[in-house]
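All remarks here apply to the structure that follows.
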Amino acid sequence: MTNQIGSRILQPDNIAGVVMIAACAWLLTKVTDMPEMSALLPVAMLSTIIALSVLMIVRNLIRSEAIGVKPVFSSLPRFLLVVFCVGLYVLAVATIGFYTSTLIMLPAVAWLFGYRNPKGIALATLIFVGGIALIFLVLMNQSLPPEFFQS
């Protein structure tokens with residue numbers, strides 16, 4: 001019984017959840033320098049990721065094989081690819097800007113992970129980037145990191 005509990009604690013879902021909680025908690029310390037309205041979205045997103053990570057860990061600890069609950073992270077290479085893509089995106093935002101990075105990364109990551117509908121990818125990308133622009137530039141009158149061509 002103890003061995004079964006120990007092996008359940010070291011499941012990829014739990015490890016990923018702890019890593020995501022730690023990374024988000026660290027990133028939350030970085031938004032304290034931002035203006036209040038600009039920090040609103042990162043705080044909301046990071047807090048949501050923490051809550052979902054806790055939920056994933058709890059779900060994994062109490063899941064029952066009898067009801068057929070499958071792990072979220074069943075493939076270490078795919079998880080590492082996600083981590084790599086997130087790191088690449090963060091670097092891209094810092095160097096070429098949010099909008100350009102997002103316009104490149106959203107379709108690339110969707111394609112990389114198997115979504116092959118070009119119209120759906122284009123529509124989702126335009127809705128997401130357009131929605132962010134509408135929220136930040138129009139409704140909140142807040143600018144995001146400048147694009148590489150604005151420097």
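Positions are given from 1 along the sequence. Everything numeric here is computed off the predicted structure, so don't read it as measured data.
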May I ask you to test the [X]-[Y] pair for a side-chain heavy-atom distance under 4.5 Å?
X      : Y      : value
Leu112 : Cys85  : yes
Ile121 : Thr125 : yes
Leu126 : Phe128 : no
Phe84  : Tyr89  : no
Leu137 : Ile132 : no
Arg59  : Asp13  : yes
Ile135 : Met140 : yes

Between [X] and [Y], is there shared hydrophobic-cluster membership here, with clusters defined by ILVMFWY side-chain heavy atoms closer than 4.5 Å?
X      : Y      : result
Ile50  : Leu40  : no
Ile127 : Met105 : no
Trp111 : Val86  : no
Leu91  : Trp26  : no
Leu123 : Val129 : no

*asked:* Quick check on side chain to side chain contact (heavy atoms under 4.5 Å, CB included): which of Thr32, Leu28, Leu27 does Val43 satisfy it with?
replied: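 Of the listed residues Thr32, Leu28, Leu27, the side chain to side chain contact (heavy atoms under 4.5 Å, CB included) partner of Val43 is Leu28.
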*Check the pair Val19, Val83 against side-chain contact (heavy atoms from CB on, under 4.5 Å), reporting the backbone distance first and the verdict last.*
CA-CA 10 Å; Val19 168; Val83 171; over 6 Å; no
Compare every heavy atom of [Y] with every heavy atom of [X], then report the nearest pair and how far apart it is.
X      : Y      : answer
Ser101 : Val93  : OG-N, 3.1 Å
Arg78  : Phe113 : NH2-CD2, 3.2 Å
Met34  : Ala39  : CB-CB, 4.0 Å
Asn14  : Leu61  : ND2-CD2, 3.6 Å

If I take atom [atom1] from residue [X] and atom [atom2] from residue [Y], how far apart are they, to the nearest 0.5 angstrom?
X     : Y      : atom1 : atom2 : value
Leu55 : Thr48  : CG    : OG1   : 12.0 Å
Asn60 : Ile15  : CG    : CD1   : 10.0 Å
Ile96 : Leu103 : CD1   : CG    : 9.5 Å

_Run the side chain to side chain contact (heavy atoms under 4.5 Å, CB included) test against Ser53 and tell me which residues pass, sequence neighbours left out._
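Testing Ser53 for side chain to side chain contact (heavy atoms under 4.5 Å, CB included), a comparison that skips the adjacent residues, returns Met20, Ile21, Ile49.
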